[in-house]
Amino acid sequence: MPIVSFDTSVFISYKARLKAIPESSFVSIVVIQELMAGARDNSELKAWEATAKKFESIGRLLVPTTEDWLLAGRALNSLLRGLKSNEVGIHPNFTLSKNN
């Protein structure tokens, strides 16, 4: 079964249309944390906390482990240094803008 979890930017872009996240979805705690950081007021902050607790209680909250973060760090490092993986397919170049 494929797992789909939206990035924070999706929630920010479509916030006006997102009234509730379907319980059939998976939600990353990282996305919830970012949305909480950008909450406009205490009620929005509490709503995101409640969302995290709801998805945790139904087993659909994605929480990265130490190994997940280490793997992500290695992948980003490889992208930044222009290294290629052993996998076949397209390997896009990745650079950070000096304006970031």
Side-chain angles (χ1 to χ4, degrees):
M1 166 176 59
I3 295 175
V4 176
S5 178
F6 294 105
D7 183 67
T8 308
S9 61
V10 173
F11 288 96
I12 291 169
S13 296
Y14 297 99
K15 192 175 209 173
R17 289 184 242 170
L18 290 176
K19 300 297 181 202
I21 304 167
E23 289 188 5
S24 60
S25 301
F26 285 85
V27 179
S28 170
I29 192 63
V30 176
V31 170
I32 297 283
Q33 176 267 316
E34 291 172 345
L35 291 165
M36 287 176 68
R40 288 173 280 178
D41 56 34
N42 204 34
S43 65
E44 188 176 339
L45 185 67
K46 287 181 180 183
W48 285 120
E49 283 184 42
T51 298
K53 289 177 182 180
K54 175 178 105 176
F55 278 85
E56 182 179 39
S57 73
I58 62 173
R60 291 189 170 262
L61 186 67
L62 303 174
V63 181
T65 65
T66 299
E67 192 57 36
D68 293 334
W69 285 110
L70 294 173
L71 178 61
R74 285 191 293 272
L76 287 170
N77 180 270
S78 293
L79 287 169
L80 287 169
R81 294 187 319 153
L83 302 177
K84 299 202 186 272
S85 75
N86 293 329
E87 301 294 322
V88 295
I90 297 171
H91 301 282
N93 291 332
F94 180 82
T95 57
L96 288 177
S97 168
K98 294 190 191 261
N99 296 331
N100 288 344

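In what follows, every heavy atom counts, from backbone to side chain, and hydrogens, waters and symmetry copies are set aside.
- Figure legend: cation-pi geometry between R60 and F55 absent, as NZ or CZ is not positioned both under 6.0 Å from the six-membered ring centre and within 45° of its axis.
- One finds the CG atom of L76 at 9.5 Å from the CG atom of L71 (value rounded to the nearest 0.5 Å).
- Taking 4.5 Å as the limit, every side-chain heavy atom of T51 sits out of range of all side-chain heavy atoms of K54.
- The nearest pair of heavy atoms linking P64 to W69 is CB-NE1, 3.2 Å.
- Qualifying side chain to side chain donor-acceptor pair (under 3.5 Å) partners for T65, counting only residues two or more places apart in sequence or in other chains: D68.
- With values rounded to the nearest 0.5 angstrom, K53 atom NZ is found 12.0 Å from I32 atom CD1.
- The two residues I29 and A52 come nearest to each other via the heavy atoms CD1-CB, 4.1 Å.
- Residues meeting the side-chain contact (heavy atoms from CB on, under 4.5 Å) test with E34, sequence neighbours left out: T8, V30.
- Under the rule for a side chain to side chain donor-acceptor pair (under 3.5 Å), the partners of S43 that lie at least two apart in sequence or sit in another chain are D41.
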